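Here is the structure we will look at.
Note that the structure is predicted; figures quoted are calculated from it, not measured. Atom set for the values below is all heavy atoms of this structure, side chains included, hydrogens, waters and symmetry mates excluded. Here is the naming used below: chain letters follow the sequence lines, and residue numbers restart at 1 for every chain.
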Amino acid sequence: DAKTTQPPSMDCAEGRAANLPCNHSTISGNEYVYWYRQIHSQGPQYIIHGLKNNETNEMASLIITEDRKSSTLILPHATLRDTAVYYCIVRVVSGGGYQKVTFGTGTKLQVIP
Amino acid sequence: NAGVTQTPKFRVLKTGQSMTLLCAQDMNHEYMYWYRQDPGMGLRLIHYSVGEGTTAKGEVPDGYNVSRLKKQNFLLGLESAAPSQTSVYFCASSYRGAYEQDFGPGTRLTVT
């Protein structure tokens with residue numbers, strides 16, 4: 001799996017958009033970008049994933065650059081409950097078989113009142 | 001659905017004692033995983049299972065054993081606990097290996 005680089009920490013004002021960047025310059029054509037988050041002391045929670053098109057769900061939006069070497073997770077209106085560690089992961093998605101998921105150290109997002 | 005549940009939530013062991021951590025999921029997922037999380041190290045995969053009756057080693061399997069006798073349960077055993085196994089243990093499951101994983105709430109284990 002490709003290696004990812006994320007800033008160790010970020011702050012965001014409550015109610016504003018939180019933009020979390022991720023660099024994955026060695027990503028392969030068959031690797032997807034996944035985002036998870038981990039709220040303090042809880043298990044990681046899946047947020048969103050994408051291959052090359054921008055994706056949006058009820059939690060967030062994922063913007064992937066055209067060359068796929070970087071992406072940005074957007075939380076449109078951050079709340080205090082969004083304070084968490086956010087993990088950007090790239091992985092192969094191809095049918096059956098075990099697919100390794102490597103969690104790095106992520107970005108610690110602090111939402112400030 | 002309860003999702004992924006873990007038992008117990010907390011445990012303190014003395015060095016050399018044994019214990020079993022239980023993970024249960026009610027989503028009919030084929031794949032199940034055990035991770036450990038230590039400060040500053042992210043999550044590391046201990047063992048995983050691709051279906052009932054199967055298990056496989058992950059990144060850090062030494063000192064642990066697992067069993068998947070029923071599809072919905074995945075057990076993690078420590079036969080002789082060591083202080084280095086002090087950690088937070090997370091169980092996860094997924095429909096298939098390529099799908100997103102659902103995580104349990106974690107078990108905080110301290111070995112003294």
Side-chain angles (χ1 to χ4, degrees), chain A residues 1-9 22 24 28-51 55-60 62 71 73 84-109, chain B residues 2-7 9-10 21 23-25 27 29-51 54-61 66 68 74 87-109:
Chain A
D1 287 346
K3 190 172 179 179
T4 61
T5 304
Q6 299 177 254
S9 64
C22 180
H24 32 79
S28 301
N30 61 348
E31 288 181 312
Y32 283 64
V33 180
Y34 274 73
W35 284 84
Y36 285 76
R37 73 179 182 184
Q38 186 173 23
I39 296 170
H40 181 62
S41 298
Q42 298 181 22
Q45 176 190 24
Y46 164 80
I47 301 173
I48 198 168
H49 74 280
L51 181 63
E55 302 287 345
T56 296
N57 63 20
E58 65 278 4
M59 288 182 68
L62 174 60
S71 60
L73 178 74
V85 177
Y86 287 77
Y87 298 98
C88 171
I89 296 157
V90 293
R91 60 185 300 217
V92 174
V93 179
S94 58
Y98 169 60
Q99 305 288 345
K100 183 179 178 183
V101 177
T102 302
F103 287 83
T105 51
T107 295
K108 185 177 174 97
L109 175 69
Chain B
V4 180
T5 58
Q6 293 182 233
T7 310
K9 288 185 170 53
F10 302 94
L21 282 66
C23 175
Q25 53 93 6
M27 298 172 283
H29 283 170
E30 291 292 333
Y31 284 63
M32 296 187 74
Y33 314 82
W34 275 107
Y35 292 89
R36 61 177 288 175
Q37 186 172 37
D38 303 299
M41 299 199 64
L43 283 91
R44 292 182 292 169
L45 183 67
I46 305 172
H47 286 279
Y48 65 97
S49 167
V50 303
T54 74
T55 63
K57 294 180 180 180
E59 302 170 64
V60 289
V66 288
R68 182 104 180 265
F74 195 29
S87 188
V88 181
Y89 292 85
F90 289 102
C91 176
S93 69
S94 63
Y95 176 59
R96 292 270 200 283
Y99 284 64
E100 60 268 18
Q101 296 178 16
D102 292 298
F103 282 80
T107 295
R108 188 172 295 273
L109 175 67

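- The CD atom of B:E100 sits 12.0 Å away from the CD1 atom of A:I47 when rounded to the nearest 0.5 Å.
- Remark: A:I89 CD1 to B:Q101 CD distance equals 8.0 Å, nearest 0.5 Å.
- Heavy-atom distances place the side chain of B:R108, and not its backbone, under 4.5 Å from chain A.
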Query raised in the report: Should B:L43 and A:Q38 be marked as a side chain to side chain contact (heavy atoms under 4.5 Å, CB included) after you check the CA-CA gap, both sets of side-chain angles, and the distance that decides it?
Result: CA-CA 11 Å; B:L43 283 91; A:Q38 186 173 23; 4.2 Å; yes

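- Contacts between B:Q37 and chain A at a heavy-atom distance below 4.5 Å involve the side chain alone, from C-beta outward.
- Aromatic ring centres of B:F103 and A:F103 lie closer together than 6.0 Å.
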